[in-house]
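In what follows, every chain begins at residue 1, and chains take the letters A, B, ... in the order their sequences are listed. Quick caveat, the model's predicted, so the values are computed rather than measured.
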2 protein chains.
Amino acid sequence: MGTDLSPRGREIVAAAADLLEGEGAQALSMRRIAERLGMRAPSLYRHFPDKRSIEAALVSQGFRDLAARFAQASGDGDPAAAIAREYRAFAHARPHLYRLMTTRPLDRGALAPGVEDAAAAHVVRAFGGDADLARAAWAFAHGMTILEIDGRFPPGADLDAAWRRGIEALRP
Amino acid sequence: MGTDLSPRGREIVAAAADLLEGEGAQALSMRRIAERLGMRAPSLYRHFPDKRSIEAALVSQGFRDLAARFAQASGDGDPAAAIAREYRAFAHARPHLYRLMTTRPLDRGALAPGVEDAAAAHVVRAFGGDADLARAAWAFAHGMTILEIDGRFPPGADLDAAWRRGIEALRP
DNA sequence: GTCTATACCCGGATAGAC
DNA sequence: GTCTATCCGGGTATAGAC
């Protein structure tokens, strides 16, 4: 579940994270991960049951990092805006990890328990405990972020302005 | 570019659309498309240069269908809400096509010219011609839609309520 | 226990024969 | 225009060396 990893398991996850950061999702193959560690792909299956469980470990770590950013934002005078800023900054710092975390159905059973809820709790709190509003705000932030990362907005678009409009409108 | 297709080309795109609808994105392989037409995969390359160009034809058709829905919504008393309703309905009716249209960098050069802009123009108009607001609204709608389709919201979440909150907040 | 070699099936794509 | 044969690169199961 991403928490109780052997030292070798941690090395594998670290190698996978480096690969993902450096070369993107399509470089994240069992053969390439193994290559980084001077071993063969089938050997990885002694440490992880399949590729998805390695990805789940990466995603779990991503949620922990995101929650840590949110925790710092909580002290801000405008927590909703601060959370949005941290969300955007996280995704821009690690776009490939962000895509891995958000652009597919989540394999919740494979995740370290509680990591998703921990991040979500900060968001709900920043939006005054209003779950419906928090979900709308998350949808807005994810939409802006992923469309931005994927280059879906037109070239000249003022994305700072769009972010501002959305955050203003959705403030609790 | 998806407009001037030979009759055989149209058959190929139709077979691809059926496959995508019926079995999802991972079933959309050159071998499976060819199988539906009683031919071999390499023969497809006489009609399309690569798989991405077949996908681009599907995406182009998706944008045309979406724009047609938006055109109907334009006559509504509350165009912004009507557009959002149509957007959500389109994605729920054809979730695999919606993912294909939105969850990767768009290969704009391969698309039928103008189809993306035609759909976008309806959105901007529904939001009073305010491009920043329209982008925020698109981001919200896409975020809600894709998170909903991917099952990312918690099981008991009241998504109708979250949609309502977002649309109210972002109304022009 | 840990790793290797081998192999299977799937994918996209190309070359060349008919 | 369609075929067969083939290449390369994926995930992954199995068997066996150390």
For this session: For Arg8(A), answer base if it contacts any base atom (sugar-phosphate contacts may also be present), sugar-phosphate if it contacts only those atoms, and nothing otherwise; contact means non-hydrogen atoms under 4.0 Å.
Result: sugar-phosphate
For this session: Step through the shown structure and confirm whether more than 12 heavy atoms of other residues, nucleotides or ligands are within 6.0 Å of CZ on Arg40(B).
Result: no
For this session: Taking the six-membered ring for Trp and the single ring otherwise, decide whether the centroids of Phe63(B) and Phe70(B) are under 6.0 Å apart.
Result: no
Problem set entry | Asp78(B) bridged to Arg85(B) by N-O distance under 4.0 Å | no
Exercise. Side chains of Gln72(B) and Arg69(B): do they bring a donor and an acceptor to under 3.5 Å?
Worked result: no
Seminar exercise, completed: Judged by nearest nucleotide, the residue sitting upstream toward the 5' end of DNA chain D, Arg46(A) or His47(B), is His47(B)
Seminar exercise, completed: Note: contacts of residues 33-44 of chain B with DNA chain C (heavy atom, under 4.0 Å) are Pro42(B)
Exercise. Could you walk me through whether Asp150(B) and Arg99(B) pass the side-chain contact (heavy atoms from CB on, under 4.5 Å) check?
Worked result: CA-CA 10 Å; Asp150(B) 284 349; Arg99(B) 278 205 198 86; 2.8 Å; yes
Exercise. Taking atom C1' of dA13(C) as reference, at what distance in whole Å does atom CE of Met30(B) sit?
Worked result: 8 Å
Exercise. Where does the chain B footprint on DNA chain D start and end, counting 5' to 3' with a 4.0 Å heavy-atom cut-off?
Worked result: dT2(D) to dA5(D)
Exercise. Can we say Glu168(B) and Arg165(B) salt-bridge, meaning some charged N sits less than 4.0 Å from an Asp/Glu carboxylate O?
Worked result: no
For this session: Let me know the distance between CD of Gln26(B) and C1' of dG12(C), rounded to the nearest Å.
Result: 17 Å
For this session: Mark yes or no for whether Arg10(A), through its side chain, and Leu5(A), through its backbone, hold a donor-acceptor pair below 3.5 Å.
Result: yes
For this session: Check every strand shown and say whether Leu28(A) touches a base, only sugar-phosphate, or nothing at a heavy-atom separation below 4.0 Å.
Result: sugar-phosphate
Exercise. Taking NZ from Lys51(A) and C1' from dC10(C), how many angstroms apart are they, rounded to a whole number?
Worked result: 14 Å
Exercise. Is any side-chain N of the basic residue among Arg52(B) and Glu55(B) closer than 4.0 Å to the acidic one's carboxylate O?
Worked result: no
